[in-house]
Protein chains: 2
Amino acid sequence: MAANTFHKLRDEIENGIVTGAFEPGARLDEAQLAARFGVSRTPIREALMQLSAIGLVEVRPRRGAIVVDPGPDRIFEMFEVMAELESMAGALAARRHTEQDKAAILDSHARCERSAASEDSDSYYYDNEVFHYAIYAASHSGFLAEQCAALHRRLRPYRRLQLRVRNRMKVSLSEHAAIVEAILAGDAETARSRLRSHVAVQGDRFSDLVSSLSQRQSTGTGGQPR
Amino acid sequence: MAANTFHKLRDEIENGIVTGAFEPGARLDEAQLAARFGVSRTPIREALMQLSAIGLVEVRPRRGAIVVDPGPDRIFEMFEVMAELESMAGALAARRHTEQDKAAILDSHARCERSAASEDSDSYYYDNEVFHYAIYAASHSGFLAEQCAALHRRLRPYRRLQLRVRNRMKVSLSEHAAIVEAILAGDAETARSRLRSHVAVQGDRFSDLVSSLSQRQSTGTGGQPR
DNA sequence: GTCAATTTTTTTGTATACAAAACAGGTTGG
DNA sequence: CCAACCTGTTTTGTATACAAAAAAATTGAC
């Protein structure tokens, strides 16, 4: 991949936000970031501009950039849209998947099973990501795949929190199995509805999400400043 | 709205791309743009960075920025996703719309009717946009509304081409009426399916789109350079 | 001692300067 | 005659400089 300074900086900062190194609401001081990465302010600004276009940071004119802090309601909305896009990808995948796609889906699913068996939450988290990307790819819609991937990245921190919830890993895995079955059977509508409920944050999971968010708020130094 | 130079430039250039002033594939020379807008290269670059994050321009390292030229297949994919998101907005609107939303939808629909009656294609184009935005708003999902609006903007030029097709305005209007009916009746699934087929580029419309695209390619100075 | 106004300091926004990479054209060798 | 190479030019990428605005701090009045 093309590797200019601002490009790398963009990924670094995005990663910092997504992993929580830069907490929601935190100020992103240009000079400070420049010093930290050993570059001038120019590429830092360019990186921040890109992140603001994506919606990860908010640049307030003359008042600096901050990491956006989507409230629980907005995070819920994002999951809602994610569910719709993913279920669309699943439906398309059911109709369009090739032998290669099938192999990739089965392989990533098998990895998930192994990680779940060894109860390795971090490993499962990664394999789960690969599984979902395999479905995006199988949709054979480049644009949809990109949109899904972008949203998936943005929701990363919240999904990670969710996986901590009791038994979620096992439940997730059995849902995966049902999704795989529907896709490989070519049953678009079943794949759609199963993926929708797999991704959506419904019922108990919403309160789990909210509580994990408020937990983080209180421990972190971020949140609403001033 | 906040109005810094780079912010205004971003909108200017975006508008230029969307209206076709900057054609797909065209090189966006930084110095040239800077001279044109009477500013230095710095805010131009920041604007281009944002546009590249959105996906409107492609910045190739050390090789300058060009207006992205999505092929017919990719444009089709974008309409496909747009249809899904809009139909989702419609379904939510059916369940969640308030009296205000209802008024806004009916009002914009009435405007569409008038424009269609006077066969004013440009006016209809604008009113149609307001109508769709009213539905986004009625979904009461801020994130979904933003996503819809963003995609809507990106597909603007192609939708405009489509409206030129024989009788499309009348057909579009009657579809609108059916959509309004479903939303106001609170019938989420009917609203969803009607919006989906309203937005999607199916059957004949796809070949119409492709032919209008190739027409533009041949007349314009853009296209694949070198 | 508190609050308001003014000054100081910090920080953002834009312009300019400079280095390095890509491009174009001509030249030399086969 | 064609191809590879070298050189001059253009253009991008990053650093620095400077102006203007916002934040912070100090002073002064009550």
Side-chain angles (χ1 to χ4, degrees), chain A residues 1-14 16-17 22-69 221-226, chain B residues 1-14 16-17 22-69 221-226:
Chain A
M1 270 275 143
N4 274 81
T5 306
F6 71 86
H7 199 273
K8 276 185 286 184
L9 286 173
R10 190 180 77 78
D11 292 348
E12 288 271 4
I13 300 176
E14 174 175 356
I17 293 173
F22 300 109
E23 308 204 7
R27 274 179 62 15
L28 293 169
D29 189 82
E30 295 175 6
Q32 203 172 305
L33 288 170
R36 172 165 172 173
F37 291 110
V39 297
S40 82
R41 276 175 50 217
T42 309
I44 295 282
R45 291 202 98 222
E46 292 178 351
L48 289 179
M49 288 301 173
Q50 297 210 71
L51 294 177
S52 101
I54 295 174
L56 268 178
V57 313
E58 183 189 344
V59 299
R60 304 157 304 173
R62 287 277 176 200
R63 308 195 59 210
I66 57 172
V67 180
V68 296
D69 184 9
T221 52
Q224 248 74 301
R226 212 116 324 238
Chain B
M1 270 281 139
N4 274 79
T5 306
F6 71 85
H7 198 272
K8 278 185 286 187
L9 287 173
R10 190 180 78 79
D11 292 349
E12 288 273 2
I13 300 175
E14 176 175 353
I17 293 173
F22 299 109
E23 308 203 8
R27 275 183 49 44
L28 294 169
D29 189 84
E30 295 175 7
Q32 203 171 304
L33 288 170
R36 172 165 174 175
F37 291 110
V39 296
S40 83
R41 276 175 48 219
T42 310
I44 295 281
R45 291 200 102 228
E46 292 177 351
L48 290 179
M49 287 301 171
Q50 297 210 74
L51 293 176
S52 100
I54 295 173
L56 269 177
V57 314
E58 183 187 344
V59 300
R60 304 159 304 175
R62 286 275 175 202
R63 309 193 61 208
I66 58 172
V67 180
V68 295
D69 184 9
T221 53
Q224 250 74 302
R226 210 118 324 231

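Quick note on labels: first sequence line is chain A, next is B, and so on, each numbered from 1.
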When the nearest nucleotide of DNA chain D is assigned to A:Arg63 and to A:Ser40 on a heavy-atom basis, which residue is associated with the more 5' position? A:Ser40
Taken to the nearest whole Å, CD1/A:Ile44 to P/D:dG13 is 16 Å
Find the distance A:Phe37:CZ to D:dT14:C1' and express it as a whole number of Å. 16 Å
Verify the contact: side-chain N or O of A:Arg45 to OP1 or OP2 of D:dT14, cut-off strictly under 4.0 Å; return yes or no. no
Can you check the B:Arg41 CZ to C:dA17 C1' distance for me, whole Å? 10 Å
May I have the distance from B:Lys8 (atom NZ) to C:dG13 (atom P), rounded to whole angstrom? 13 Å
Output the rounded distance in Å from CG (A:Leu33) to P (C:dT11). 12 Å
Measure from CZ on B:Phe6 to P on C:dT12 and round the result to the nearest Å. 12 Å
So B:Glu23 and B:Val67, do their side chains get closer than 4.5 Å, heavy atoms only? no
Less than 4.5 Å apart, side chain to side chain, heavy atoms only: is that true for B:Phe37 and B:Ile13? yes
B:Met49 has an atom CE; how far is it from atom P of D:dT14, in whole Å? 8 Å
Report all interatomic pairs (protein N or O, nucleotide N or O of nucleotides 5-11 of chain D) with separations under 3.5 Å.
none

Which is it for A:Val59 and B:Glu46 under the side-chain contact (heavy atoms from CB on, under 4.5 Å) test, yes or no, and what are the steps along the way? CA-CA 12 Å; A:Val59 299; B:Glu46 292 177 351; over 6 Å; no
Answer yes or no: is there a side-chain heavy-atom contact under 4.5 Å between A:Phe22 and A:Leu56? no
Using a strict threshold of under 4.0 Å (side-chain N to carboxylate O), is an ion pair present between B:Glu12 and B:Lys8? no
Rounded to whole angstrom units, what separation is found between the CG atom of A:Leu28 and the C1' atom of C:dT12? 14 Å
Pair listing, salt bridge (charged side-chain N to carboxylate O under 4.0 Å, His left out) test, anchored in residues 53-67 of chain B, at least two apart: none
